[in-house]
Amino acid sequence: MNRPSQLARLILDFYREDRRELEQLQPLVQCEIFRRWGALHIRCQSIDIAQTIIESRACLETPLLELRLVRKIKIFVGRKMVALFAVGSDEPIELLHI
């Protein structure tokens, strides 16, 4: 079993007291997560995992906003980007067909 990245652990640790939101973000453990140029890159193994992360975007953004880690979130399936969000904005910058 792969260990979650430091960024995934940081986000999950933010919710260690709130079981419901922690379970909602559990698919992050299966993803490759890294930062580059002010964006959080989340590379998912499947479309289902990507969709789950997109749906739980509000929980994902809270620790990122408070810690001021990134300005954008990019979600990939393999090497194909499927979503791009500005952190703290209600509207997606780009949501490609999944």
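Remember, it's a predicted structure, so these values are computed and weren't measured experimentally.
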- Task: Please list, chain by chain and in numerical order, all residues satisfying side chain to side chain donor-acceptor pair (under 3.5 Å) with Glu55, sequence neighbours excluded.
- Result: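 Once residues adjacent in sequence are excluded, the partners of Glu55 under the side chain to side chain donor-acceptor pair (under 3.5 Å) criterion are Gln51.
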
- Step-by-step side chain to side chain contact (heavy atoms under 4.5 Å, CB included) determination, Val77 to Ser46: CA-CA 6 Å; Val77 175; Ser46 71; 5.8 Å; no

Quick one: [atom1] on [X] to [atom2] on [Y], what's the gap to the nearest 0.5 Å?
{"X": "Lys74", "Y": "Ile42", "atom1": "NZ", "atom2": "CD1", "answer": "12.5 Å"}
{"X": "Ile49", "Y": "Leu28", "atom1": "CD1", "atom2": "CG", "answer": "10.0 Å"}
{"X": "Ile54", "Y": "Ile47", "atom1": "CD1", "atom2": "CD1", "answer": "9.0 Å"}

- Note on the structure: Quick note, salt bridge (charged side-chain N to carboxylate O under 4.0 Å, His left out) partners involving residues 22-31, not counting sequence neighbours, are none

- Message: Ignoring hydrogens, what is the shortest heavy-atom contact between Pro63 and Cys59? Give both atom names and the distance.
- Response: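 Where Pro63 meets Cys59 most closely, the heavy atoms are CD-O, 3.2 Å.
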
- Least distance between heavy atoms, Cys44 atom then Cys31 atom: SG-SG, 3.6 Å

Got a sec, which residues hit side-chain contact (heavy atoms from CB on, under 4.5 Å) with [X], two or more places apart in sequence or on another chain?
{"X": "Arg68", "value": "none"}
{"X": "Glu32", "value": "Phe34, Arg43"}
{"X": "Ser56", "value": "Gln24, Leu25"}
{"X": "Arg35", "value": "Leu7, Leu40, Leu69, Val70"}

- Message: When you compare the side chain of Leu84 with that of Lys72, does any pair of heavy atoms fall below 4.5 Å?
- Response: yes

- Heavy-atom distance under 4.5 Å between the side chains of Ile73 and Glu61, does that happen here? yes

- Message: side chain to side chain contact (heavy atoms under 4.5 Å, CB included) for Arg57 and Ile53? Distances and angles first, verdict last.
- Response: CA-CA 6 Å; Arg57 183 180 128 211; Ile53 291 172; over 6 Å; no

- Message: Using a 3.5 Å distance criterion without hydrogens, assess whether the side chain of Gln45 forms a donor-acceptor pair with backbone atoms of Gln30.
- Response: yes

- Task: Name all pairs fulfilling the ring-ring contact (aromatic ring centres under 6.0 Å, His included) condition that reach into residues 56-76, sequence neighbours left out, sorted by first residue then second.
- Result: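 Every pair satisfying ring-ring contact (aromatic ring centres under 6.0 Å, His included) with a residue in residues 56-76: His41-Phe76.
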
